[in-house]
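What follows is a short report on a single structure.
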2 protein chains.
Amino acid sequence: MQNSIVEKLPRYEQVRYDLQQKLIAQIWGSDESIPNEQELADEYQVSVGTIRKAIDLLVADGLLVKQQGKGTFVRYPDFSSSLIRFFRYRNSTGKQIIPEGVVHKVTYLENGDERINGVMHRLIQAPLIYIERTREIGQKVLVSEKIWLPKEHFFQLLNIPLSNFDNLLYPMYRRECGQLVVSAKEQLSFLTNYFDTYLPLQQTESAVKICRFAYGINGELLEYRESYGRASEFFYETFIH
Amino acid sequence: MQNSIVEKLPRYEQVRYDLQQKLIAQIWGSDESIPNEQELADEYQVSVGTIRKAIDLLVADGLLVKQQGKGTFVRYPDFSSSLIRFFRYRNSTGKQIIPEGVVHKVTYLENGDERINGVMHRLIQAPLIYIERTREIGQKVLVSEKIWLPKEHFFQLLNIPLSNFDNLLYPMYRRECGQLVVSAKEQLSFLTNYFDTYLPLQQTESAVKICRFAYGINGELLEYRESYGRASEFFYETFIH
DNA sequence: AAGTGGTCTAGACCACAAC
DNA sequence: TTGTGGTCTAGACCACTTC
């Protein structure tokens, strides 16, 4: 709270910021209730209304959920609206299947990558970690992913054996590296003549390319990811407003 | 306010609903200031805080904007995030060009259309208005659109000559039919072998199909629209969270 | 100086959940 | 019954805009 950065901000923004820091530091576990509004009001020496406003902001951010009569709970974002979840796959009974994430390669690019550091707005030679990953159903590759991470935030991943990588990466980022992804930008385009080691396409087959920029709680870019899949298998739904 | 539908709702929801109705009825013009918070509090016989909460909801909905020191203003949604605005077209200098909407046909389907009434969850034979429209740059067709509207809400359009249709349809819906579109759902998929009278594609060319369901302020379905464009010209960007 | 929205308080009472 | 968040009030003072 005594941070000079936040000194001129409204009290509810200061409270919000402090609660946010505690959420990153995992003071409270997932799906665990945080202190009630009166306790927080006493702790921060503000009125309950001010606490409510701070909490409402974090709820709007998807970091907290409120349940009347029970309490306010931690809820880390799940990216359920991510485009890459929209590749349609169903089993023989018509049910949607959730693909398995498989990490094939994790390497350290000491001198970075010019193109990638460019799109990430970093210094050309800034070191990167590079990951190749697929999403599969059975043995069939649904999506091929190339992932680049700033080495300074994710060096811990280099010591983890491939077989120990989780199905989902974002919870791993948080657990192993203390990096919490809370928002992202995704760009979708359509490619012809795409070749990928992991994703065999017919000569005439088209691909969907999704570029994702994933951001941390303070808006810093944590990850750049390119995902490729079959255009014919893609179906995307979005809500405007 | 004395509407039975809203009797059990919180005061701020009742106020919100009433203000919403006034916005639809165009009590205040676009970009005109609505009464200040104290005046509204007096009018509705609630405290200023309750008025603020109602207004904040309408701001979150994109129907109002607040400006400190000036007032609160009407701001009808503009659908700037619509997928179909993401067909990439640039002129020779690299600037993005805004396509022109051209209405080619407006017809009355007295007995509806089985497939369309199905996806719109209406009775199979419910009457529809059908519109064919393109979005063009110069003489080049960028997007071909098929639009279906419930006849009961849009019959006024049948009396308007094609040449009098505006570049944008939603402001027309509001002006001519009193129907305000505030939200939408869009579904994107890729097609091969698509044929369209207005959009000539090469034999091997792929198309993007966007199905839009547009909703009114009370959540009722006002429009179903299918838009088709060239896959190679499509670029979509979205923000998650 | 006057008017607007922005922040903040210190309470009251209600509705829901758990024991 | 107790504790939680949900609603609502009636003010105070601040910050920005306009005149």
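Everything numeric here is computed off the predicted structure, so don't read it as measured data. Both backbone and side-chain heavy atoms feed into the values below; hydrogens, waters and symmetry mates do not. We name chains A, B, ... by the order of the sequence lines, and we start the count at 1 in each one.
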>> Test of understanding: with side chain to side chain contact (heavy atoms under 4.5 Å, CB included), list the residues that count as partners of A/F239, not counting sequence neighbours.
In response: A/E237, B/K185
> So where does chain B start and stop touching DNA chain C, 5' to 3', when the test is distance under 4.0 Å to a non-hydrogen atom?
Replying inline: C/dG3 to C/dT7
> A/N159: what forms a side chain to side chain contact (heavy atoms under 4.5 Å, CB included) with it, not counting sequence neighbours?
Replying inline: none
> What residues, two or more places apart in sequence or in another chain, satisfy side chain to side chain donor-acceptor pair (under 3.5 Å) together with B/Y12?
Replying inline: none
> B/P150: what forms a side chain to side chain contact (heavy atoms under 4.5 Å, CB included) with it, not counting sequence neighbours?
Replying inline: B/M120, B/R122, B/E152, B/H153, B/F154
Output side-chain donor-acceptor pairs under 3.5 Å for residues 61-72 of chain B, partner residues at least two apart or in another chain, one line each.
| unit_1 | atom_1 | unit_2 | atom_2 | d |
| --- | --- | --- | --- | --- |
| B/D61 | OD2 | B/R16 | NH2 | 2.9 |
| B/K66 | NZ | B/D56 | OD1 | 2.6 |

> For B/E176, what residues pass the side chain to side chain donor-acceptor pair (under 3.5 Å) criterion, not counting sequence neighbours?
Replying inline: none
> Between A/Y236 and A/F234, what is the ring plane arrangement, given parallel below 30°, perpendicular above 60°, and tilted in between?
Replying inline: parallel
> Heavy-atom contacts under 4.0 Å between residues 45-58 of chain B and DNA chain C, which residues?
Replying inline: B/R52
> In whole angstroms, how far is the C1' atom of D/dT4 from the CG atom of A/L64?
Replying inline: 15 Å
>> For a quick test of reading the model: is some side-chain N or O of A/T72 closer than 4.0 Å to OP1 or OP2 of D/dG5?
In response: yes
> So what does B/Q67 hit on the nucleic acid, given a heavy-atom distance under 4.0 Å: a base, only sugar-phosphate, or nothing?
Replying inline: sugar-phosphate
>> Under 4.0 Å from OP1 or OP2 of D/dG3: is there any side-chain N or O of A/N36 that close?
In response: no
All N/O contacts under 3.5 Å from nucleotides 17-19 of chain D to the protein, with atom names and distances to one decimal?
| unit_1 | atom_1 | unit_2 | atom_2 | d |
| --- | --- | --- | --- | --- |
| D/dT18 | OP1 | B/K70 | NZ | 3.4 |

> Residues two or more places apart in sequence or in another chain: which of them pass salt bridge (Lys or Arg N to Asp or Glu O under 4.0 Å) with A/E43?
Replying inline: A/K22
> What residues form a side chain to side chain donor-acceptor pair (under 3.5 Å) with A/Q179, not counting sequence neighbours?
Replying inline: none
> Considering residues at least two apart in sequence or located in another chain, which fulfil the side chain to side chain contact (heavy atoms under 4.5 Å, CB included) criterion with A/S183?
Replying inline: A/Y215, B/H241
